[in-house]
Amino acid sequence: MLCASHAVAQSEPSALIDQQHCMFCHTNDAPLLAPSFQQIASRYRDDPQAQAMLEHKLRAGGRAHWGDMAMPMPAERGGALSPEDAHVLVEWVLRH
Ligand code: HEC
């Protein structure tokens, strides 16, 4: 796992992550207000539909897929997100 987390850190789209406040609710490995990025990655890693579905969800917000979380993912998080940026972010999440 050391190698994998190192790779994630090296290619982190940090400006986007800051601008969108991802780490306000998520962490890499500990579920808090939201599922951790490791949980999300292991849930969707083998799902070929997941990339597109998650890009849409990041841009539009949406329905709760994680029943034990108090809220759905909000759409407004510090600025509009372009399709390109959503793509980069979802690729990054799924690399965890
Ligand atoms: C205000 C809190 C908050 C912020 C900010 C936030 N998230 Fe989330 N996110 C959540 C919650 C809550 C869930 C679980 C929603 C659910 O049950 O589907 C979630 C779920 C997700 C999922 C899984 C979606 C699914 O349908 O399973 C991904 C991927 C994700 N977030 C990525 C991000 C990224 C990337 C950012 C920054 C661009 C971000 N989140 C910012 C609260 C947040």
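Just so you know, ligand 1 is whichever comes first in the structure, and atom 1 is the first atom listed for that ligand. Fair warning: this is a prediction, and the values are worked out from it, not measured in the lab.
- A distance of 13.5 Å separates CZ of Phe24 from CG of Asp18, quoted to the nearest 0.5 Å.
- Looking at ligand 1, you'll find an N or O of Lys57 within less than 3.5 Å of one of its N or O atoms.
- Remark: the backbone N or O of Ser36 is paired with a side-chain donor or acceptor of Gln39 at under 3.5 angstrom.
- Listed here is the closest heavy atom pair of Leu81 and Arg59: O-NE, 2.9 Å.
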Take Met23 and Phe37 through the test side-chain contact (heavy atoms from CB on, under 4.5 Å) and record every step on the way to the result.
-> CA-CA 10 Å; Met23 300 328 243; Phe37 287 138; 3.6 Å; yes

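- Distances below 4.0 Å separate heavy atoms of Leu89 from the following atoms of ligand 1: 38 (C).
- Heavy-atom contacts of Cys25 reach the following atoms of ligand 1: 1 (C), 2 (C), 3 (C), 4 (C), 5 (C), 42 (C), 43 (C) (cutoff under 4.0 Å).
- Judged by distance alone, the side chain of Arg45 and the main-chain N or O of His96 form a donor-acceptor pair under 3.5 Å.
- Neither the backbone nor the side chain of Phe24 has a heavy atom within less than 4.0 Å of ligand 1.
- For the pair Tyr44 and ligand 1, the shortest N or O to N or O distance falls below 3.5 Å.
- Between the side chain of Gln20 and the backbone N or O of Gly79 there is at least one donor-acceptor pair closer than 3.5 Å.
- Below 3.5 Å of separation, one finds no N or O of Gln20 facing any N or O of ligand 1.
- Close approach of ligand 1 to Leu33 is summarised as follows: ligand atoms under 4.0 Å from at least one heavy atom of the residue are 12 (C).
- Listed for the Arg77 side chain is a donor-acceptor partner under 3.5 Å among the backbone atoms of Leu58.
- With a heavy-atom cut-off of 4.0 Å, Arg77 touches ligand 1 through its side chain alone.
- Across Pro13, Pro31, Pro35, heavy-atom proximity to atom 14 (C) of ligand 1 is greatest for Pro35.
- The shell of residues lying under 4.0 angstrom from ligand 1, judged by heavy atoms, includes Phe37.
- The nearest N, O or S atom of His26 is closer to atom 8 (Fe) of ligand 1 than 2.8 Å.
- Contacts of Pro74 with ligand 1, taken as heavy-atom pairs under 4.0 Å, involve the side chain alone.
- Of all the heavy atoms of Leu58, the ones lying under 4.0 Å from any atom of ligand 1 belong exclusively to the side chain.
- Interatomic distance, Leu94 CG to Tyr44 OH, rounded to the nearest 0.5 Å: 9.5 Å.
- With atom 32 (C) of ligand 1 as the reference point, the heavy atom nearest to it among Met53, Met73, Arg59 is part of Met73.
- In this structure, Thr27 OG1 and Asp29 CG are separated by 5.0 Å, a value rounded to the nearest 0.5 Å.
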